[in-house]
Amino acid sequence: MQASTYAVKGGTGLEVKNRRVLRRFGEFGKKSSGVKNLCITDRGSCCNLRLRSDAMGAELARAVTGVGSVFRSSAKARSVRAQASADGDLEDLTFTKPPGKSTGTVLPFVGVACLGAILFGYHLGVVNGALEYLSKDLGIAENTVLQGWVVSATLAGATVGSFTGGALADKFGRTKTFQLDAIPLAIGAFLCATAQSVQTMIVGRLLAGIGIGISSALVPLYISEISPTEIRGALGSVNQLFICIGILAALVAGLPLAGNPLWWRTMFGIAVVPSVLLALGMGFSPESPRWLFQQGKISEAEKSIKTLCGKERVAEVMHDLRTAGQGSTEPEAGWFDLFSSRYSKVVSVGAALFLFQQLAGINAVVYYSTSVFRSAGIASDVAASALVGASNVFGTAIASSLMDRQGRKSLLITSFAGMAASMLLLSLSFTWKVLAPYSGPLAVIGTILYVLSFSLGAGPVPALLLPEIFASRIRAKAVALSLGMHWVSNFVIGLYFLSFVNKFGISSVYLGFAAVCILAVLYIAGNVVETKGRSLEEIERALNVAA
């Protein structure tokens, strides 16, 4: 066994040459033979140590000392990952290192951003319980067309908001755009709560939709850009978790409706509070260091990094930003740049993930869940919605804990495979005569398993993965474009789902959804890259080389 010779580079530029790896890491040398990229990560910490050897096996690209944990005061186990650049295989080893203390914090600012995710879920869910009562109050109880406009106006507004959110985030910055976004969110909620006509209600729903469309693109973008590499997956998936919590909050807010028919106004008015808190909280939150760097605001970027990760991390992150070769050397991308040969492939992956997410039938299953549960003897709409909502929250919480361990790609594949199997079970429960005596319970089981499978990957991963794979100069607009595809497909499915059910039958429609899920598995296996444990700048450089 031969010991390789390396050069160690820290964030300060200090180089220590001709150190033998085996003397430091012992048996690690056995595993590192032939490996081109070595990544040593301190799980839960704001810093990492990366080792790279060139084709001659002579250089260790850079090393950054771990300075403690984001969640705990002492770092216990350190993971050593050997990653081959050719095939991306990882090997995990562990060694111990003296505990450190982090001076940065990111969680409070992620929490403020997630107020946008809560409002996303709340505005989508609040109309379900309130529609019957507001229809009577506004005199449209017999007009299903106007009721449909009250429901779909939010989706239409969200489509507009998702396309404009990226441009606003690039022009004004992430935190300023959050504050601007709070305006339509608060005004929309207020108009809905005080509406005396259906026209005012629709305008309010439209404004609220624009607000949640902007936040649907902005929340995952901001979280990905401020989060430490090692916990970016867990923090990114919190976005989807809080969307689910927002939906559940809307369900809980509707409980007093049976005893107080005018309570629907309070339900809409409640949404004003988190909108105001979002605007105030962003006034105290640090701007994205990556956006500041792109604007040439170097000192402000360093200050933001110090707040988020601690002063020990500043030199390393700034080095990453400069090495990425983006930001100050290139202008912000325009919309047409997204379709250039340089970016078209990765942008198509982002759009495809959201198309698969919606065309796999999640909203259709949620829309039809009440009928499914009634066929099983569960007559309560609240109970049916609570089961679906609780399954979604539970699955998303599990996904948050797995995101940085299992990886994004594997969770996506597992998720869509589980959704395909669940859809097949749902379809058979409606048509297979052998299962007729058990059709009700099987339909409920299939629905719960489908929602759980969705929440493990197909739900949280796309919004997390997209800001990771997009280059910094196109990140905001590309995320906005992909979210636009989400809202357009969501709107179309909501509009035509029942028509397809009436024409082809629910069993055939569910089989179609199963086929989409299988196609998604094949597409993801061949086109999606794994991003866990890699900084945004590393991912950007790797994809640029691949292109």
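We use all heavy atoms of the structure for the numbers below, so side chains are in, but hydrogens, waters and symmetry mates are not.
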Review item, side-chain donor-acceptor pairs of residues 205-212, under 3.5 Å, at least two apart:
residue	atom	partner	partner atom	Å
R205	NE	V150	O	3.0
R205	NE	T154	OG1	3.0
R205	NH1	H123	O	3.0
R205	NH1	T154	OG1	3.4
R205	NH2	T154	OG1	3.0

Task: side-chain contact (heavy atoms from CB on, under 4.5 Å) evaluation trace for V219 with F178 - done: CA-CA 9 Å; V219 174; F178 268 117; 3.8 Å; yes
[atom1] of [X] to [atom2] of [Y]: how many Å apart, nearest 0.5 Å?
| X | Y | atom1 | atom2 | answer |
| --- | --- | --- | --- | --- |
| E225 | R174 | CD | CZ | 4.0 Å |
| I270 | Y122 | CD1 | OH | 4.0 Å |
| L221 | I226 | CG | CD1 | 10.5 Å |
| L353 | L412 | CG | CG | 6.0 Å |
| L185 | I214 | CG | CD1 | 8.0 Å |
| L308 | F109 | CG | CZ | 6.5 Å |

Task: side-chain contact (heavy atoms from CB on, under 4.5 Å) assessment of M267 paired with L257 - done: CA-CA 9 Å; M267 291 172 64; L257 277 170; 3.6 Å; yes
Check: [Y] main-chain N/O paired with [X] side-chain donor or acceptor under 3.5 Å:
| X | Y | answer |
| --- | --- | --- |
| W291 | F172 | no |
| S227 | S224 | no |
| T177 | L168 | yes |
| N527 | Y523 | yes |
| R265 | A195 | yes |
| T414 | L411 | no |
| T159 | G484 | no |

TODO: Ignoring hydrogens and angles, state whether a donor on the side chain of Q358 or S489 is under 3.5 Å from an acceptor on the partner side chain.
DONE: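 No, S489 and Q358 have no side-chain donor paired with an acceptor closer than 3.5 Å.
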Kindly give the heavy-atom pair with the smallest separation between [X] and [Y], and that separation in Å.
| X | Y | result |
| --- | --- | --- |
| M419 | C517 | CB-SG, 3.7 Å |
| I518 | A420 | CG1-CB, 4.0 Å |
| P289 | I305 | CB-CG1, 3.6 Å |
| A217 | S162 | CB-O, 4.4 Å |
| L292 | S304 | CD1-CB, 4.0 Å |
| S391 | V451 | CB-CG1, 4.0 Å |

Kindly indicate whether the side chain of [X], heavy atoms from C-beta on, has any atom under 4.5 Å from the side chain of [Y].
| X | Y | result |
| --- | --- | --- |
| R322 | F293 | yes |
| S216 | W487 | yes |
| F356 | I524 | no |
| F242 | V238 | yes |
| T194 | F268 | no |
| K477 | V347 | no |
| Y222 | T175 | yes |
| K306 | E302 | no |

Open item on the list: Does the plane of the ring in Y450 sit parallel, tilted or perpendicular to the ring in F454? Use 30° and 60° as the thresholds.
Closed with: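 It falls in the parallel class, under 30°.
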- [ ] Give the C-alpha distance, both sets of side-chain angles, the deciding distance and a yes or no for side-chain contact (heavy atoms from CB on, under 4.5 Å) between K176 and Q179.
- [x] CA-CA 5 Å; K176 290 289 191 300; Q179 292 178 310; 3.7 Å; yes
